[in-house]
Amino acid sequence: MDRIDTVTELPFRVGFTGHGGHIRIDPLPPSSSQQSLPDFILPPAFVRETPESIKKFVEDKYLLPRLDPDEFSAEKAGRQWEFDWFDQAKIQLEPTMPRSFVVPAWELPFRRSSDLEKWEPASVQVDVSELMVESDSSIGVRISGPPKDFVKGSLNNRPFRPGGLDDSQSVERTFPDSASNGEWVQEVLNGGPAQVIPPSFKQGMDLGELKGHPRSWNVHEDQRRPNTTSQSTLSVQFDDLFKRAWEEDVMELPISGDASELEIEVIEAESPKSIHSEAENKSDLPDGPRDSESSVIDQILSTGSGGLSKDLDDSSDAGQQQSKEAKVWAVTGGSDGIADHFNDLVPDMALDFPFELDAFQKEAIYYLEKGESVFVAAHTSAGKTVVAEYAFALASKHCTRAVYTAPIKTISNQKYRDFCEKFDVGLLTGDVSIRPEASCLIMTTEILRSMLYRGADIIRDIEWVIFDEVHYVNDVDRGVVWEEVIIMLPRHINFVLLSATVPNTIEFADWIGRTKQKQIRVTGTTKRPVPLEHCLFYSGELYKICENEKFIFQGLKAAKDAHKKKTMSKVGGGSGSYPSLPSSHDGARSQNPNSFMRGKPNKQTGPQNPGNFVGAGRGNQGYGSGGNNNWGSRVSEKSVWLSLINKLSKLSLLPVVIFCFSKNRCDKSADNLRETDLTSRAEKSEIRIFCDKAFSRLKGSDRDLPQIVRVQGLLHRGIGVHHAGLLPIVKEVVEMLFCRGVIKVLYSTETFAMGVNAPARTVVFDTVRKFDGKEFRQLLPGEYTQMAGRAGRRGLDKIGTVLLMCRDEIPDESDLQHVITHSATRLESQFRLTYIMIMHLLRVEELKVEDMLKRSFAEFHAQKKLPEQQQLLMRKLAQPTRSIECIMGEPAIEEYFEWYLEAEMYGNQITETIMMQPSVSQAFLQPGRMVVVKSQSGQDHLLGVILKAPSSTNKQYIVMVLTPSLPLTLQSSDAAQEKTIAGLQILKPKSKRGIDDDYYSSATARKGSGAVKIKLPHRGNASGANYEVREIDTKEFLSICNVKIKVDQVGLLEDDSSAAYSKTVQNILDKKVNGNKYPPALDPVKDLKLKDMDLVEAYYKWNNLLQKMSQSKCHNCVKLEEHIKIARDIKKHKQEVNDLKFQMSDEALQQMPDFQGRIDVLKEIGCIDNELVVQIKGRVACEMNSGEELICTECLFENQLDDLEPEEAVALMSAFVFQQRNASEPSLTLRLLQAKERLYDTAVKLGELQAYFKIQIEPQEYARENLKFGLVEVVYEWAKGTPFADICDLTDIPEGLIVRTIVRLDETCREFRNAAAIMGNSALYKKMEVASNLIKRDIVFAASLYITGL
């Protein structure tokens, strides 16, 4: 197109451009001369058509499927549409799978009806859904649900099969045994009738008469193959034969003449080691020598856990079973060389890092690339998040999904902000759902558990689940959720576990690997990225007590010397550092922790006591709250903090995090620094601008809340406060400003160490004691390590400093060593049964409640011993049992032995009852009474005589018993004493001897003192028998004999007369009459005059049994003792077998009694029926996650919310989610009071029902724990539209807890709304919608700064 000049200043040209022939106008610069060549060449308006272009146009337009470019644009990626894809399809779909099909059922020949000329198998109908329980895959062929349930699932969905379940469970469900056992094949080979009629058909093919053919099955091992195992299985199953034949296409059997022979080679599976060696031998052939670096890489690759196992033949089931039993699930070591050759092993990384990775990070990434699960244990700030990031990158690379779970919502929000810069991230928490279609999802563990139970279809896409802060499994309340999730995850999902250093990392990883049947690679480091030094801060000075994990005793001694010097100066009248400390300061230690609180507590203190600290922080205890604080104590506290801050500032140890274990303590300590200013002008400006932006999203009245104004004043001076009582937006402002480095001093509770990744230069412990909700106790080493790990910023500080505040005294050395250098707390199972877990599992046919219990970490060690117990049981069962040959011709020894055991039981019961009644036994247990004493072996009890009854000096009976032959060591110990007694007997003159003393030297002529002058126990030998004098408790008496003898107490206990011992021994032996070992015992009824009904009944049963035994032929048998011994051995063997079977059964599980009780409760209230099928009431209970499920369900089914307005209903529901124990009593309306009492009575009734079924619950305590009405009035006013500032004045609960409760209450409203839909209660459904809208407003539901940004 030629140039067109309209005016001199604006020339342009017009032309057609593009395939559509659009007009294009291009302005041109002014030019006086025309160029010879055009500056651009216009394309033709239409492309010349060719046969190829026409064919391509037809294919693109009509033959190839194409999505709507507007609906499926890049901006709408990941969106879900509410329409049926199959309705939009223009092609003919394949027929759907039938719901059921029919299979034949084989019966044993002798069970078939004889009336039939020709037997035909019956037909069994099998549901297709049962075949969808796959053995090789956990995904299944279940049809996806509606898009709205894609992420969170539905109770109508069937959960995916958990990984790690035995494959046998699914195989047994595939076909009936009668249809898959192969017996029909054997029958055909034997000449039996063939199955010619297909299942459910009336007629079939006519094959004529079939004849049986001779056949032989020769089973042997192939001698050509090397044996790799010591055991081989030489059994043949028909199923295995035909399965192998079909898999190998068709195997023709050679038939020659009248005989056919099938040779079956049973070849043992090769071990991975042999395969590897064979591969090495092949590779070593003419390729030449390899360089050392390549050989190292090949060795690393060859020792991988997953590579060789996948190459093994799947048909070697026996070998796989053996390898499974011997497999090590938690794999450590074998990582040498990975870090050195990392770039060669992982040449194409899914994510590049701008820094050099540590060795443990390289190892973890290498295993992730191989598709293995990893457990990374390292200290805080060591770089565990790198492994999580790489798992996200792999999921993005593989077009799968990864899930990051965190125990605390704050961590989830912070990780969402951190990961948003690198990945496609979504966030799912209780109150927030952002981009759930993203490939990388961050969610709380409770959300993931709900998705698993509800069978969310998104589970199909997940490749990695990242568990951060795994040591949180020790949490009493929420640790069970982690175990549930680990057990419920399907097989195709891999694990990335991140944890602080714990002693039993291998044990926990072994449990996960054994439970999920997959190896877990354990890696990590015990090296801190920034080393720590631990110091005591006392009287303005620092005393180093630990460095490089080694305790420094000189530093502790120097601190104690300073304390002693200061104490001496105070006693001498000198002026110490705290001259105004009053005398009542120390007296506060013994006061009640809450004794200083009078009336309604101060608003900002909360219900917790700030000052009851003992040990290192006892000086704080005089520091109360409110306006009654002692002035001297306040001055003392202020001086301590000022001294600390000044010291840290001089040593350049700021910023600092000061951990105080009380919300009130944090607030009061920060208020002590009102005159301290730690920020520069630039920092003040940055803080002011940041706070203005953050709080600008609040309404005008909310911006002026006292807490916000107060915290802003602290922040401007570089001082921050962080605890659960703060508003969420305030906490986030504090966290972000601290990460920016403008906050120099931060007072915080221990949640800061768990929930925020914000290290500091220094960490200070206000005390080493804390209140854990039940009592004041020392910090655990794991808690101390977690908080101390915030000291030291990687890349900024060479060393991190940890200080322990000391005020009135120095902690003990043992306490300091325990908390600083002791190993962290072990991972312990907190698994417990809940009703909602039971009802969810009753819906899952693949996983029973017993399976969940067996797979819990609590039962890990018991389940780990099962293979050993199975082998022991097989050995026990294989042992030959001894038989009893009765010479009387009547083998009734078994019956006699049962009588014998029962009589022994009743005899022991009678004896124990007598001995437990002092008024009865003491009258007969006098000196001279013969008794039978229990022996340690339980057999051959000892006969003796009482020498002395208990007195003020001796609390036990002194008894002389006849003992078996003594060992040489015991005899030699008393050799000298025996020698003097036996060889130096001094006889009295005969004129001075009494009649009974002709042959004994006696000292009875004088009166004894009553004292025991011999050393007990006293052993010796007299009259050919060994004896022992010792002290005996009443419980050691087996029976009281009906005879007494005379005893010489003086000669026996004071003079140690051998003659007295000989005479006493002879008297005891003389009382053995009729060859019996012991004299008869006292009759409980006739002699002891006992009248207890149970005892008398046991006595008569005992006598009847003795009568039966005396009438039996076995009673006088010469081999009775031998036969009794054999019968006892047989019974012991049976008992051991039964005990082993019990230990291997479900009944031996620790929580099995609790499970049975909870099942009975669910049956009683109608959640399940007698067949354990979940009813509609149970489905409603499954929706209740935020409150106690039974109370919530009963509240709904009793229609307790029907007569309440939405504001009143949501206020009453706050009792389900509010968690503060101590709160001021709310002022309620009459209708709310009645509703409160009604709900409380329902909870008490449920508690009584559970106690009736033997569940360890106290009804009143159960109601108080699960229903806390402290915020009913606050929520009621909030729902009515009252400003937040006004509702805060109605209670002493901190603002942060109010917001947290109302946010959780919104989730409860959603649960009640879903439950109303299940019940069909439309009125309640609408009421819950209205209630949810009433509370969702203003500062309570302000968006997180981590999510929206600034």
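All of these numbers come straight from a predicted model, not from anything done at the bench.
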Is [X] reaching over with its side chain to a backbone N or O of [Y], donor-acceptor style, under 3.5 angstrom?
X	Y	value
S649	I645	no
D475	D477	yes
H471	A500	yes
S643	S639	no
H379	T526	yes
R761	R793	no
R717	L673	yes
Q707	G725	yes
R790	A760	no
R1304	T1301	no

Within the structure provided, determine whether [X] and [Y] are in side-chain contact (heavy-atom separation under 4.5 Å).
X	Y	result
Q778	D815	yes
C546	T821	yes
N413	L427	yes
L727	V711	no
V473	Q830	no
L644	F537	yes
D1338	W1278	yes
P759	T380	no

Worksheet entry | Candidate list Q414, H722, R740, test side-chain hydrogen bond (donor to acceptor under 3.5 Å, both in side chains), partner E735, passing option |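 Per the side-chain hydrogen bond (donor to acceptor under 3.5 Å, both in side chains) rule, the option paired with E735 is H722, out of Q414, H722, R740.
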
Worksheet item: What residues, two or more places apart in sequence or in another chain, satisfy salt bridge (charged side-chain N to carboxylate O under 4.0 Å, His left out) together with E683?
Response: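 Counting only residues at least two positions away or on another chain, E683 forms a salt bridge (charged side-chain N to carboxylate O under 4.0 Å, His left out) with K744.
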
Worksheet item: Can you name the residues that form a salt bridge (charged side-chain N to carboxylate O under 4.0 Å, His left out) with D677, not counting sequence neighbours?
Response: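 Listed in chain order: K684.
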
Worksheet item: Does any donor atom in the side chain of R697 or T1348 lie under 3.5 Å from an acceptor atom in the other side chain?
Response: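 Result is yes, a qualifying pair exists.
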
Worksheet item: What pairs of residues pass the ring-ring contact (aromatic ring centres under 6.0 Å, His included) test when at least one of them lies in residues 637-657, not counting sequence neighbours?
Response: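 Qualifying pairs, neighbours excluded: W641-Y747.
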
Please name the pair of heavy atoms, one in [X] and one in [Y], separated by the smallest distance, quoted to 0.1 Å.
X	Y	value
L536	C806	CD2-SG, 3.9 Å
Q712	C691	NE2-CB, 3.4 Å
G700	D704	O-OD2, 3.4 Å

Worksheet item: When you look at E732 and R417, which way does the salt bridge (charged side-chain N to carboxylate O under 4.0 Å, His left out) test go after all the steps?
Response: CA-CA 12 Å; E732 291 177 350; R417 183 195 64 176; over 6 Å; no

Suppose we screen for side-chain hydrogen bond (donor to acceptor under 3.5 Å, both in side chains). Which residues come up paired with [X], at least two apart in sequence or across chains?
X	answer
K409	D431
D468	Y404
Y472	none
Y543	none

With sequence neighbours excluded, what pairs up with [X] under the ring pair (Phe, Tyr, Trp, His ring centres under 6.0 Å) test?
X	answer
F1341	none
Y416	none
H534	Y784
H716	none

Practice prompt. Measure the acute angle between the ring planes of F752 and F738, then classify it against the limits of 30° and 60° as parallel, tilted or perpendicular.
Written response: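 Ring orientation, 0 to 90° scale: perpendicular.
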
Discussion item. Please enumerate all residues that pass side-chain contact (heavy atoms from CB on, under 4.5 Å) together with A378, with sequence neighbours excluded.
Written reply: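 side-chain contact (heavy atoms from CB on, under 4.5 Å) check on A378 returns F360, A382, K384, T525.
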
Discussion item. Just checking E813: does its CD atom have more than 12 heavy atoms from other residues, nucleotides or ligands closer to it than 6.0 angstrom?
Written reply: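 Counting other residues, nucleotides and ligands, CD of E813 exceeds 12 neighbours.
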
Worksheet item: Within a radius of less than 6.0 Å around CD of E675, do more than 12 heavy atoms belonging to other residues, nucleotides or ligands occur?
Response: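 At most 12 heavy atoms, drawn from other residues, nucleotides or ligands, come within 6.0 Å of this atom.
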
Discussion item. Is there a salt bridge (charged side-chain N to carboxylate O under 4.0 Å, His left out) between D766 and R807? Walk through the geometry before answering.
Written reply: CA-CA 10 Å; D766 181 45; R807 292 176 174 83; 2.8 Å; yes

Item to complete: Measure the spacing between CG of L804 and CD1 of I820 and express it to the nearest 0.5 Å.
Response: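 Here the rounded value is 5.5 Å.
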
Practice prompt. Please lay out, stage by stage, how F690 and L715 fare under the test side-chain contact (heavy atoms from CB on, under 4.5 Å).
Written response: CA-CA 11 Å; F690 187 90; L715 293 176; over 6 Å; no

